[in-house]
Amino acid sequence: MDDSAVVRGLVARWIEADPRLALAATCSDGEQGVKRAGELQPDLVVLDIEMPRMDGLTALPQILKAAPKARVIMASTLTQKGAQVTLQALSLGAADFAPKPDTSRMGGAESYRVELLDKLAVLAPRYAPHRPVGTAQSPAAARPVENGAVPVASGRELPSRIDLLAIGASTGGPQALRQVINNIPASIRMPVVIAQHMPKVFTAILAEHLSREGLPAREASDGETLKAGHVYVAPGDFHMTVEGTPGQFRARLDQNPPINFCRPSVDPLFESCARAAGKHLLALVLTGMGSDGRNGAGHIRKAGGGVIVQDQASSVVWGMPGAVAEAGLADLVLPLNQIGPELARRLTGAR
């Protein structure tokens, strides 16, 4: 299709001009993408959702089978349908997504270019001086990396009573969140607040997906009282903060400038939770690129709250949790499959 050819050419030029990346091939549809992925074994694949002959969701598992080490970024649209399909793609193994503007405005889509190239560079293997990128226009398996030694706070106990659970996540976050929330019992006596780096529309779909894991979940509304046993997701393009006292926590939304290039940002959520819940706050930092959450974790520690971070081996990107751990602000560093059970024990008072 003409439009897809224009987009392919544009993305290809962006990649070729970026010294961090090297272009392996471009493909016009999913069938061709699966074939070329098997031949070239790329490190990275940019996969469009809507393509002729074979769409992105159909191509995704086949690409991952043909090139098991490839990490896939979905090129998604900023629509409800695009968000639904993108979340489904992430559940099937895609590493991340980059929401693209309407094709008629692609030539001026500087923010899309920067976001896509930065995500590709972060997901690329560290050992490769030149990192091939296959643009099939059309999933990615999280590939663990070896854990390094990280400082863990010593001589501190996590809160014995927890009135509020706050979670921050970015790249790889939707699947990590689903795994964590799935392990939390419905009997918990505190609300859960989440800042996940996602655009508007996408966060509503994320909340819908999380609600299927057991606890009621939805996007937060400004001024609403937070109920125990409920999950509240910061809406895309809004910062979320928490005010009030235990049992009467309220969500506040604002469109103040982005923090750490993000809105929603984890830092203002964590900082406000530290003020509201003090030493009875537990925070969790999951996989994600960047360092959002590190400053907020500092406020939590000063207030006497506890911080758990996901370990490097189980993170898609160990940016956010790594920044907290390396700053010495983590009380526990755990693999993803241990975080949910650990939270379940602590949130229900079991030991």
Side-chain angles (χ1 to χ4, degrees), residues 1-77 81-82 85-101 103 106-107 109 112-145 171-172 175 289 316-317:
M1 297 184 294
D2 288 344
D3 282 346
S4 64
V6 170
V7 175
R8 284 199 312 276
L10 186 62
V11 172
R13 289 194 295 275
W14 290 347
I15 292 169
E16 289 175 322
D18 193 314
R20 301 171 296 179
L21 305 166
L23 182 68
T26 64
C27 304
S28 59
D29 59 59
E31 286 187 7
Q32 190 181 48
V34 172
K35 181 174 182 293
R36 295 294 278 159
E39 293 169 349
L40 296 170
Q41 294 297 303
D43 296 312
L44 303 161
V45 174
V46 179
L47 183 63
D48 199 6
I49 290 174
E50 297 181 2
M51 296 180 295
R53 293 209 293 174
M54 183 185 291
D55 63 28
L57 270 185
T58 305
L60 175 58
Q62 296 185 44
I63 289 173
L64 290 175
K65 183 178 179 180
K69 294 184 178 180
R71 289 184 156 189
V72 181
I73 291 185
M74 304 301 296
S76 58
T77 55
K81 179 184 177 182
V85 174
T86 299
L87 267 293
Q88 188 176 349
L90 293 174
S91 71
L92 291 174
D96 203 357
F97 69 97
K100 63 181 182 181
T103 54
M106 285 296 291
Y112 175 59
R113 182 189 72 83
V114 171
E115 179 175 358
L116 177 62
L117 295 179
D118 283 350
K119 287 185 173 182
L120 287 170
V122 166
L123 290 170
R126 296 301 183 193
Y127 60 80
H130 298 289
R131 306 175 178 114
V133 180
T135 47
Q137 289 272 103
S138 338
R143 194 163 57 234
V145 295
T171 309
Q175 281 311 103
M289 60 186 290
V316 176
V317 179

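Since this is a predicted model, take the numbers as computed values, not measurements.
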Checklist outcome for this item: In terms of heavy-atom contacts, E115 and P99 come closest through OE2-CD, 3.6 Å

Item to check | Lys/Arg N to Asp/Glu carboxylate O, R13 vs E16, below 4.0 Å | outcome: no

Checklist entry - Should the pair R8-D29 be classified as a salt bridge under the 4.0 Å nitrogen-to-oxygen rule? => result no

Next on the checklist: Test of understanding: with side-chain contact (heavy atoms from CB on, under 4.5 Å), list the residues that count as partners of A37, not counting sequence neighbours.
Outcome noted: P42, I63, A67

Checklist outcome for this item: Correct closest heavy-atom pair for M74 and I49 would be CE-CG1, 3.9 Å

Checklist entry - Does the distance from a Lys or Arg side-chain N to an Asp or Glu carboxylate O, for E31 and K35, drop under 4.0 Å? => result no

Next on the checklist: Could you report the tightest heavy-atom contact between I15 and A22, atom names first, then the distance?
Outcome noted: CG2-C, 4.2 Å

Next on the checklist: Are V46 and L120 packed together at the side-chain level, in the sense that at least one heavy-atom pair is separated by less than 4.5 angstrom?
Outcome noted: yes

Checklist outcome for this item: Tightest non-hydrogen contact, residues S76 and G82, listed as CB-O, 4.3 Å

Next on the checklist: For the CG atom of L44 and the CG atom of D96, what is their distance to the nearest 0.5 Å?
Outcome noted: 11.5 Å

Next on the checklist: What I'd like to find out is whether the side chain of R71 reaches to under 4.5 Å of the side chain of V45, using heavy atoms alone.
Outcome noted: no

Checklist entry - Got a donor-acceptor contact below 3.5 angstrom from the Q41 side chain to the A66 backbone? => result yes

